[in-house]
Amino acid sequence: MPELPEVETVKAALVPVMTGAKVRYAEIRRPDLRFPLPTNLKSFLEGGTITSVKRRAKIILIRAANHVMMLHLGMSGSVRISDHKPNSQPHDHVEIAVEKQGQSHWIVLNDPRRFGYIDLVHERDFNNHKSIAALGPEPVSIADDPEPDNVLDIAYLNKALEGAKAPIKSFLLDQRQIAGLGNIYVCEALHRAGISPKRKAYSVKGKRAARLLPAIQDVLHEAIGQGGTSLRDHKQPDGKLGYFVQSLKVYGREGEPCLACDTPIISIKQSGRASFYCSICQR
DNA sequence: CTCCTGACCTGAGTGC
DNA sequence: TGCACTCAGGTCAGGA
């Protein structure tokens, strides 16, 4: 499911119920997702008080007691929040009950494909964690989270593009270059910027690069404002859909007319993933 | 190094 | 109805 806007939507829903809340119990229903779950996850959570909920790239960071619980939703992960103990659904792997100012909430992680993961690291080791250390800058900063000191700008983008021989599509999916983009928003940003996904990254410069930066930032901001994009699995934690699906210009629109020029949208495979684009508008 | 492929896993959709 | 096959918001190891 989730790229940056979907993860941001989940994080934003967790903030008010988890920040400052005490964990009443945690139920871990299987030993692993993509990786083995930390064996001390249950004992870490139970009785602890959550100090903050943040996001870096596509990872949700839940802090307590000098530790960071890292939650990645993979392709199909989602979170439900309710004010009563929820009925168990297939693939509900973790259930956490929290209490804050006398108010109880239940938080459930569901992940059919189990490409997601949870890890737990001491605060001092966090920046060296292999999922964190190599990440590129955040493409956008939302209400100072993540901290705006590491946000993509045109100087960084131009430098990173230099000498990158991969297609711009692959470049933008690479979390070491820019963190948080995925298949939907790369396709959409390239369409907005008028750049072909097949173009070599190093050849994106000057005016093209100057269009790419705001194209990425605008599409992410707009998607976050709509609660993300619901295709199959993604729902907001309150059960609502992500309405940005209605704003997609190319993703999933193979054969349908380009909204700018009527040319049918093309789908090609690039490094195993579908790229949707307009061969006229994107050069 | 960089770049690409295949693997991981389940469920939904399609075509015969 | 059933079966085989393809495809899906993401990484990650391994090979060229």
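Side chains included, hydrogens not; waters and symmetry mates left out as well; all remaining heavy atoms used.
Distances shorter than 4.0 Å separate none of the side-chain N or O atoms of A/Gln175 from OP1 or OP2 on C/dG10. Residue A/Lys269 places no side-chain N or O under 4.0 Å from the OP1 or OP2 atom of C/dT6. Taking only side-chain nitrogens and oxygens, A/His91 never comes nearer than 4.0 Å to OP1 or OP2 of B/dC9.
Nearest to the side-chain atoms of A/Pro112 among the listed nucleotides B/dC4, C/dG10, B/dG11 stands B/dG11. Residue A/Lys58 has its side chain nearest to C/dT11 when only C/dC12, B/dC4, C/dT11 are considered. Distances from the side chain of A/Glu3 to the nucleotides B/dT5, B/dC3, C/dG10 place C/dG10 closest. Side-chain atoms of A/Phe35 lie closest to C/dC12 of the nucleotides C/dC12, C/dA8, B/dC3.
Annotation: cation-pi pair A/Lys130/A/Tyr117 absent, no NZ/CZ under 6.0 Å from the ring centroid and within 45° of its normal. Taking the ring axis of A/Phe126 as reference, the NZ or CZ atom of A/Arg63 stays within 45° of it and closer than 6.0 Å to the ring centre.
The CD1 atom of A/Ile142 sits 5.5 Å away from the CG atom of A/Leu4 when rounded to the nearest 0.5 Å. Note that the CG atom of A/Leu231 and the CZ atom of A/Phe244 stand 11.5 Å from one another [nearest 0.5 Å]. With rounding to the nearest 0.5 Å, the separation of CG in A/Leu220 from CD in A/Glu188 is 11.0 Å. Rounding to the nearest 0.5 Å gives a distance of 12.0 Å between CG of A/Leu213 and OH of A/Tyr156. Interatomic distance, OG of A/Ser88 versus NE2 of A/His93, reported as 10.0 Å (0.5 Å rounding).
The P atoms of C/dC3 and B/dC9 are separated by 23 Å, rounded to the nearest whole Å. For the P atom pair drawn from C/dT11 and B/dA12, the interatomic distance equals 23 Å after rounding to whole Å.
One atom, CG of A/Leu73, and another, C1' of B/dC9, lie 16 Å apart when rounded to the nearest Å. One interatomic measurement links the two molecules: CZ of A/Arg273 to C1' of C/dC12, which rounds to 13 Å at whole-angstrom precision. Protein atom CG of A/Asn183 is 11 Å distant from nucleotide atom P of C/dT11, rounded to whole Å. Here the C1' atom of nucleotide B/dC4 and the NZ atom of A/Lys165 are 12 Å apart, to the nearest Å. Regarding A/Glu254, its CD atom lies at a distance of 10 Å from the P atom of C/dC7, rounded to whole Å. Straight-line distance from the CZ atom of A/Arg176 to the C1' atom of C/dG10: 14 Å, rounded to whole Å. Spacing between atom CD of A/Glu162 and atom C1' of B/dT2 amounts to 16 Å, rounded to whole angstrom units. Atom CG of A/Asp174 and atom C1' of C/dG10 are 12 Å apart (whole Å).
Look at A/Phe115 and the base of B/dC8; the rings stack, centres closer than 5.5 Å and planes less than 30° apart.
Using a 4.0 Å heavy-atom distance criterion, A/Pro90 is classed as making no nucleic acid contact. Residue-level contact check: A/Phe171 touches neither bases nor backbone, having no heavy atom under 4.0 Å from any strand.
For DNA chain B, each stem of at least three Watson-Crick or G-U pairs (distances under 3.5 Å) is given as range with range: B:2-8 with C:10-16, B:10-16 with C:2-8.
No donor-acceptor contact under 3.5 Å links the side chain of A/Arg114 to the base of B/dT10.
When all heavy atoms of A/Gly136 and A/Asn150 are compared, the pair lying nearest together is O-ND2, 4.3 Å.
Of the residues near DNA chain C, A/Ser131 and A/Arg113, the one whose nearest nucleotide (by heavy atom distance) lies more toward the 5' end is A/Arg113.
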